[in-house]
S.K.: 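Take a look at the following structure, please.
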Amino acid sequence: MEVPVIDLEPYLKFTGRSGCGSDSKRDPIEPACKPNGELEYSPDLKSLCEEVAESLKQTGALVVRDPRCPAEVNDRLLDMMETYYEKPDDFKRQQERPHLHYQVGVTPEGVELPRAAVDQDMQMKIQDVPEEYRPHIPVGADLKWRYMWRVGPRPLETRFKELNSDPVVPEGFPEWADTMDGWGSMMISTLEVVAEMAGIGFGLSKDSFTSMMQQGPHLLAPTGSDLSRHGKEGIVFAGYHYDLNFLTIHGRSRFPGLYIWLRNGQKVEVCFPIGCLFIQAGKQLEWLTGGDCRSGMHEVVVTKRTLAAIEAARQAGRSLWRVSSTVGAVKSIINSLL
């Protein structure tokens, strides 16, 4: 079983938001509408939406190409975060906000504890997995840093101020807010399109999922792992876990090491073409679909391919920090109910 690559451009053009250039326009033929005002999708578009839904159902993941998200924007974020993570720990800890439960600012390595490190039942299940698909059992907290940055508008009133706190901007990075907001908003836009297509593919209205994403506490949360200190095969940077949010999206990292588990139990290394993005289902999607989609398990670990990338980066004089450009979309119904 393979994770498919979905080109979003046909759907983007149909909905008039392809964004493929400054002179990009809606197709001259307006989409037909049903009597109830809903768009009339062509068989090809409907099939594309069904492919999105089926991939989330069968694998818990998909790879997409969104022409509105150029790879160079991801590269700018990686460059900036590499510079930040290379700063001394004392500097980085100035952006730490433990009293806000690390929901904004930096989370140092050794703070996030994966469930698999303490859940004995999960550990027993892991031991029963065939060796070729078996995840690593972490022995402690994750050896990665993380920076939490809120993306998108927030509700005017909320009982969860920690989820909607003011952003933390480190000194000496005048480009910080624009870079974080730029990449974060692009990723949320992609997730909104995927959520629309998934809704259609499941036979629902296109806003069935996106209506619950409005004003959600979405997070751009780029991680940083110091490969100069922890670049040894088998080192776990992110222990085996699933995400609690609705959907998680990743741009390309400069170092391999991310592995996912498909619904059939198969372990797959995440590797996708330049210019594409990787998406995985979170726990909220599992709940919303009544288990039709399952939240995707994943881990980040140093492998032989990671070691080869470390050596190549060292020879080229590049940073040895492994940075992810990860965004998690959260359904806002959490805020509206409580």
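Being a predicted model, the structure only gives us computed values, none of them experimental. Only this structure's heavy atoms are used, side chains among them; waters, hydrogens and symmetry mates stay out.
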S.K.: Quick check: closest heavy atoms across S325 and L78, and the distance to 0.1 Å?
M.R.: CB-CD2, 4.3 Å
S.K.: Over all heavy atoms of both residues, which pair between L219 and Q103 is shortest? Give the atoms and the distance, please.
M.R.: CD2-O, 4.0 Å
S.K.: Do F209 and V194 make a side-chain contact, defined as non-hydrogen atoms from C-beta onward lying under 4.5 Å apart?
M.R.: no
S.K.: Are D142 and F237 close enough that some pair of their side-chain heavy atoms sits under 4.5 Å apart?
M.R.: no
S.K.: Would you check if the distance from the ring center of Y41 to the ring center of F14 is below 6.0 Å?
M.R.: yes
S.K.: I'd like to know if the side chain of R322 and the backbone of F255 have a donor-acceptor N/O pair within less than 3.5 Å.
M.R.: yes
S.K.: For E96 and R93: C-alpha separation, side-chain torsions, deciding distance, then whether salt bridge (charged side-chain N to carboxylate O under 4.0 Å, His left out) applies.
M.R.: CA-CA 5 Å; E96 188 179 4; R93 287 184 179 275; 3.3 Å; yes
S.K.: For a quick check under 3.5 Å, do H136 and E299 share a side-chain donor-acceptor pair by atom type?
M.R.: yes
S.K.: I'd like to know if the side chain of S42 pairs up with that of D44 as donor and acceptor (distance under 3.5 Å, no hydrogens or angles considered).
M.R.: no
S.K.: Please name the pair of heavy atoms, one in A71 and one in I274, separated by the smallest distance, quoted to 0.1 Å.
M.R.: CB-CG2, 4.2 Å
S.K.: Could you walk me through whether S253 and S324 pass the side chain to side chain donor-acceptor pair (under 3.5 Å) check?
M.R.: CA-CA 5 Å; S253 174; S324 72; over 6 Å; no
S.K.: Take atom CZ of R294 as the centre, draw a 6.0 Å sphere, and report whether it contains more than 12 heavy atoms from other residues, nucleotides or ligands.
M.R.: no
S.K.: State the SG-CD1 distance between C69 and I249, to the nearest 0.5 angstrom.
M.R.: 6.5 Å
S.K.: Does any donor atom in the side chain of Q95 or Y84 lie under 3.5 Å from an acceptor atom in the other side chain?
M.R.: yes
S.K.: Is there side-chain contact between P114 and P138, with at least one heavy-atom pair below 4.5 Å?
M.R.: yes
S.K.: Does K267 qualify as a cation-pi partner of Y259, given the criterion of NZ or CZ under 6.0 Å from the six-membered ring centre and within 45 degrees of its axis?
M.R.: yes
S.K.: Under 3.5 Å, is there a donor-acceptor pair between the side chain of H218 and the main chain of M213?
M.R.: yes
S.K.: Start with the C-alpha distance between K125 and D121, add both sets of side-chain angles, then the distance that settles salt bridge (charged side-chain N to carboxylate O under 4.0 Å, His left out), and finish with yes or no.
M.R.: CA-CA 6 Å; K125 291 179 179 178; D121 182 57; 3.5 Å; yes
S.K.: Could you report the tightest heavy-atom contact between L113 and G140, atom names first, then the distance?
M.R.: CD1-C, 3.7 Å
S.K.: Using a cut-off of 6.0 Å, state whether more than 12 heavy atoms not belonging to E233 lie near its atom CD.
M.R.: yes
S.K.: Stepwise, does the side chain to side chain donor-acceptor pair (under 3.5 Å) test hold for E86 with S319?
M.R.: CA-CA 8 Å; E86 286 170 352; S319 174; 2.7 Å; yes
S.K.: Under a 4.5 Å cut-off applied to non-hydrogen side-chain atoms, are L56 and L62 in contact?
M.R.: yes
S.K.: In terms of side-chain geometry, is the basic nitrogen of E269 or R305 positioned less than 4.0 Å from the acidic oxygen of its partner?
M.R.: yes
S.K.: Hey, is the main chain of L220 close enough, under 3.5 Å, to the side chain of R150 for a donor-acceptor pair?
M.R.: no
S.K.: Please lay out, stage by stage, how D226 and S228 fare under the test side chain to side chain donor-acceptor pair (under 3.5 Å).
M.R.: CA-CA 5 Å; D226 189 355; S228 68; 2.5 Å; yes
S.K.: Give a yes or no on whether K283 atom NZ has more than 12 heavy-atom contacts from other residues, nucleotides or ligands under 6.0 Å away.
M.R.: yes
S.K.: Would you say the rings of Y240 and W261 are close, in the sense that their centroids are separated by under 6.0 Å?
M.R.: yes
S.K.: So, S211 side chain and D207 main chain: donor-acceptor pair closer than 3.5 Å or not?
M.R.: yes
S.K.: Judged by atom type as modelled, is there a donor-acceptor pair below 3.5 Å linking the side chain of R318 to the main-chain atoms of Q315?
M.R.: no
S.K.: Check step by step if side-chain contact (heavy atoms from CB on, under 4.5 Å) holds for T303 and V301.
M.R.: CA-CA 6 Å; T303 66; V301 62; 4.0 Å; yes
S.K.: Between R229 and E109 (salt bridge meaning N to carboxylate O under 4.0 Å), is one present in this structure?
M.R.: yes
S.K.: Whether D79 and R254 form a salt bridge (side-chain N of Lys/Arg under 4.0 Å from carboxylate O of Asp/Glu) is what I want to check.
M.R.: yes
S.K.: Hey, is CD on Q127 packed in by over 12 heavy atoms from elsewhere, all under 6.0 Å?
M.R.: yes
S.K.: For the backbone of D181 and the side chain of S185, can you confirm whether one donor and one acceptor N or O come within less than 3.5 Å of each other?
M.R.: yes
S.K.: So do the side chains of L285 and L247 get within less than 4.5 Å of each other, counting heavy atoms only?
M.R.: yes
S.K.: Return yes if some donor-acceptor pair links the side-chain N/O of D66 with the main-chain N/O of C276 below 3.5 Å, else return no.
M.R.: no
S.K.: Mind checking the CZ-CG spacing from R68 to L8? Nearest 0.5 Å is all I need.
M.R.: 7.5 Å
S.K.: For R263, does its backbone N or O pair with a side-chain atom of Q58 as donor and acceptor, under 3.5 Å?
M.R.: no
S.K.: Is the distance from the ring center of W176 to that of Y147 below 6.0 Å?
M.R.: yes
S.K.: Measure across A195 and F246 and return the closest heavy-atom pair with its distance rounded to 0.1 Å.
M.R.: CB-CE2, 4.0 Å
S.K.: Dump the intermediate steps for side chain to side chain donor-acceptor pair (under 3.5 Å) on E192 and T210, then the final yes or no.
M.R.: CA-CA 6 Å; E192 287 174 344; T210 55; over 6 Å; no
S.K.: Under 4.5 Å between any side-chain heavy atoms of C49 and F202, yes or no?
M.R.: no
S.K.: Whether the Q280 and Y242 side chains hold a donor-acceptor pair (N or O, under 3.5 Å, no angle test) is what I'd like checked.
M.R.: no
S.K.: Measure the shortest side-chain to side-chain distance between H298 and D243 over non-hydrogen atoms and say whether it is less than 4.5 angstrom.
M.R.: yes
S.K.: Are side-chain heavy atoms of T190 and L277 found at a separation under 4.5 Å?
M.R.: yes
S.K.: Considering non-hydrogen atoms only, spot the tightest contact between W183 and P70 and give its length.
M.R.: CZ3-O, 4.1 Å
S.K.: Donor-acceptor check, side chain of S55 to backbone of V52, threshold 3.5 angstrom: yes or no?
M.R.: no
S.K.: Is a salt bridge present between K92 and D89, judged by a nitrogen-to-oxygen distance below 4.0 Å?
M.R.: yes
S.K.: Take R76 and E175 through the test salt bridge (charged side-chain N to carboxylate O under 4.0 Å, His left out) and record every step on the way to the result.
M.R.: CA-CA 10 Å; R76 283 199 294 272; E175 76 281 21; over 6 Å; no
